[in-house]
Amino acid sequence: MANSFQGASRALTAGGLAAASDSLSVNAPEVWTVLAVETQGCGYLGDRRPPILFERHIFSRLTNGRFDICDVSNPVAGGYGATGSHQYDRLADAFGKDRTAALHSASWGMPQIMGENFAAAGFADAESMVEAMCESEDAQLAAFVAFLKANRLDRYLQSHDWTSLAKGYNGPSYVENQYDTKLAAQFQKYSAGPLPALDVRTAQMYLTFAGLNPGPIDGVMGARTQAALTAYQQQQGLPQTGAADDATLASLMATLLG
């Protein structure tokens, strides 16, 4: 990983989801519900780095204001700028000032866990948490599960107490952003209808890495995903099924993961 923050970038697996369900003592719809509402939805940017958000006010606090006031150090929250790679530019700036504080001052991966919360996520330090998040979405989900349990929020997920879960995870802002309502709606949706298809979701993520545009990484087969699959199959000399079949997934993994 070094400072590139590009690891294996493996997609979520059935094993990872099953481990999360078992650890939380819930079923798959509950896991997909919190993933849909309380996470970024996908654990990697198109360049295979975990999504981050750098918090300048956290960096300022952790460094006792030594670098105030600049883009990456300010006691007042904000100044985020664009999402995506720009946040890594800000992280790099902070790295040059204080590496550990920089890692602690960003929220990481699909669950957007703050680096300073590494212990609650089940890690000995922020470095090991970030390294794990660069490797797989399964590791990101496991960190999310550990964080929920450390903060005793799993009990609310088990009882479908969406208000208490939203309040515990998001703080007072849950009301303004209607996280409790969103959690309830997503759970109803996933309980009644099909869950995201992992094979489709895996294909969508790896097609994004390949520079094709499958649309949202949501595990739902739509026209854009089908077109991206067909384009990739044509490039690789595979049967142009437009489906996330075994041969196409194997090719994507071999090409992109090595």
Side-chain angles (χ1 to χ4, degrees), residues 1-7 9 34-135 137 139-141 143-144 146-148 150-151 153 165-180 182-183:
M1 179 194 73
N3 286 350
S4 70
F5 301 102
Q6 291 172 315
S9 318
V34 290
L35 285 177
V37 177
E38 298 290 8
T39 78
Q40 292 280 304
C42 178
Y44 299 101
L45 303 172
D47 62 11
R48 301 179 61 164
R49 294 182 294 183
I52 67 169
L53 187 67
F54 188 83
E55 301 281 4
R56 68 185 189 184
H57 65 293
I58 303 295
F59 187 77
S60 175
R61 169 171 60 79
L62 294 176
T63 56
N64 297 311
R66 293 198 316 273
F67 306 104
D68 292 352
I69 288 176
C70 65
D71 177 52
V72 298
S73 188
N74 191 314
V76 179
Y80 298 106
T83 57
S85 62
H86 174 64
Q87 297 302 313
Y88 277 97
D89 294 338
R90 300 177 72 219
L91 180 68
D93 187 357
F95 254 45
K97 296 173 171 59
D98 187 317
R99 177 186 173 90
T100 299
L103 288 174
H104 285 196
S105 300
S107 56
W108 293 89
M110 186 162 50
Q112 289 291 278
I113 295 174
M114 289 298 300
E116 66 176 347
N117 291 329
F118 62 84
F123 295 91
D125 51 49
E127 293 267 2
S128 55
M129 184 186 86
V130 171
E131 186 171 356
M133 289 194 172
C134 290
E135 288 302 303
E137 287 189 317
Q140 295 186 19
L141 178 56
F144 184 46
F147 185 83
L148 290 174
N151 288 280
L153 299 176
L165 177 60
K167 183 178 181 180
Y169 194 78
N170 304 106
S173 68
Y174 88 91
V175 176
E176 179 183 349
N177 293 301
Q178 299 183 315
Y179 285 118
D180 54 337
K182 292 173 183 176
L183 284 163

Any Ser73 side-chain heavy atom under 4.5 Å of Arg66 side chain
no
How many angstroms lie between NE2 in His86 and CZ in Phe54, if you round to the nearest 0.5 Å?
11.0 Å
Parallel, tilted or perpendicular: ring planes of Phe147 versus Tyr169, cut at 30 and 60 degrees
perpendicular
Applying the side-chain hydrogen bond (donor to acceptor under 3.5 Å, both in side chains) test to Ser107, which of Glu55, Gln112, Gln87 qualifies?
Gln112
Side chain to side chain, Phe67 and Val72, heavy atoms closer than 4.5 Å
no
Return the minimal non-hydrogen interatomic distance between Met114 and Ile58, and the atom names on each side.
CE-CG1, 4.0 Å
Testing the basics here: between Arg56 and Gly79, what is the closest heavy-atom pair and its distance to 0.1 Å?
NH1-CA, 3.6 Å
Using 0.5 Å steps for rounding, measure from the CE atom of Met110 to the CD atom of Gln40.
10.0 Å
Derivation of the side chain to side chain contact (heavy atoms under 4.5 Å, CB included) call for Glu137 and Tyr44
CA-CA 8 Å; Glu137 287 189 317; Tyr44 299 101; 3.7 Å; yes
Does Gln140 reach the side chain of Thr39, with side-chain heavy atoms less than 4.5 Å apart?
no
Heavy-atom pair with the smallest gap, counting every atom of Ile113 and Ala121:
CD1-CB, 4.1 Å
Taking the side chain as C-beta and beyond, is there a heavy-atom pair between Leu91 and Phe5 under 4.5 Å?
yes
Does the side-chain hydrogen bond (donor to acceptor under 3.5 Å, both in side chains) test come out yes or no for Asn74 and Ser60, once each step is laid out?
CA-CA 5 Å; Asn74 191 314; Ser60 175; over 6 Å; no
Taking the side chain as every heavy atom from C-beta outward, state whether Thr63 and Lys97 have any pair of such atoms under 4.5 Å apart.
no
Check whether any side-chain heavy atom of Asp68 lies under 4.5 Å from a side-chain heavy atom of Pro75, and answer yes or no.
yes
Phe123 side, atom CZ; Met133 side, atom CE - distance, nearest 0.5 Å:
6.0 Å
On a heavy-atom basis, which atom in Ala102 and which in Phe95 lie closest, and how many Å separate them?
CB-CD1, 3.5 Å
Minimum heavy-atom distance Tyr179-Glu38, with the two atoms named:
CB-OE2, 4.2 Å
Indicate the atoms forming the closest heavy-atom contact of Ser9 with Arg48, along with that distance.
OG-O, 3.2 Å
Should Asn170 and Asn177 count as side-chain neighbours, where that means a heavy-atom distance under 4.5 Å?
no
Taking it one step at a time, do Glu127 and Arg99 satisfy salt bridge (Lys or Arg N to Asp or Glu O under 4.0 Å)?
CA-CA 10 Å; Glu127 293 267 2; Arg99 177 186 173 90; 2.6 Å; yes
Can you check whether Phe118 and Trp108 have ring centres sitting under 6.0 Å from each other?
no
If I take atom CE from residue Met129 and atom CG from residue Asn117, how far apart are they, to the nearest 0.5 angstrom?
8.0 Å
Check the pair Leu141 / Leu35 against side chain to side chain contact (heavy atoms under 4.5 Å, CB included), numbers first and verdict last.
CA-CA 9 Å; Leu141 178 56; Leu35 285 177; 3.9 Å; yes
What distance separates Ser105 OG from Leu62 CG, expressed to the nearest 0.5 Å?
4.5 Å
Could you check if a side-chain atom of Leu165 sits within less than 4.5 angstrom of a side-chain atom of Val34, using non-hydrogen atoms only?
yes
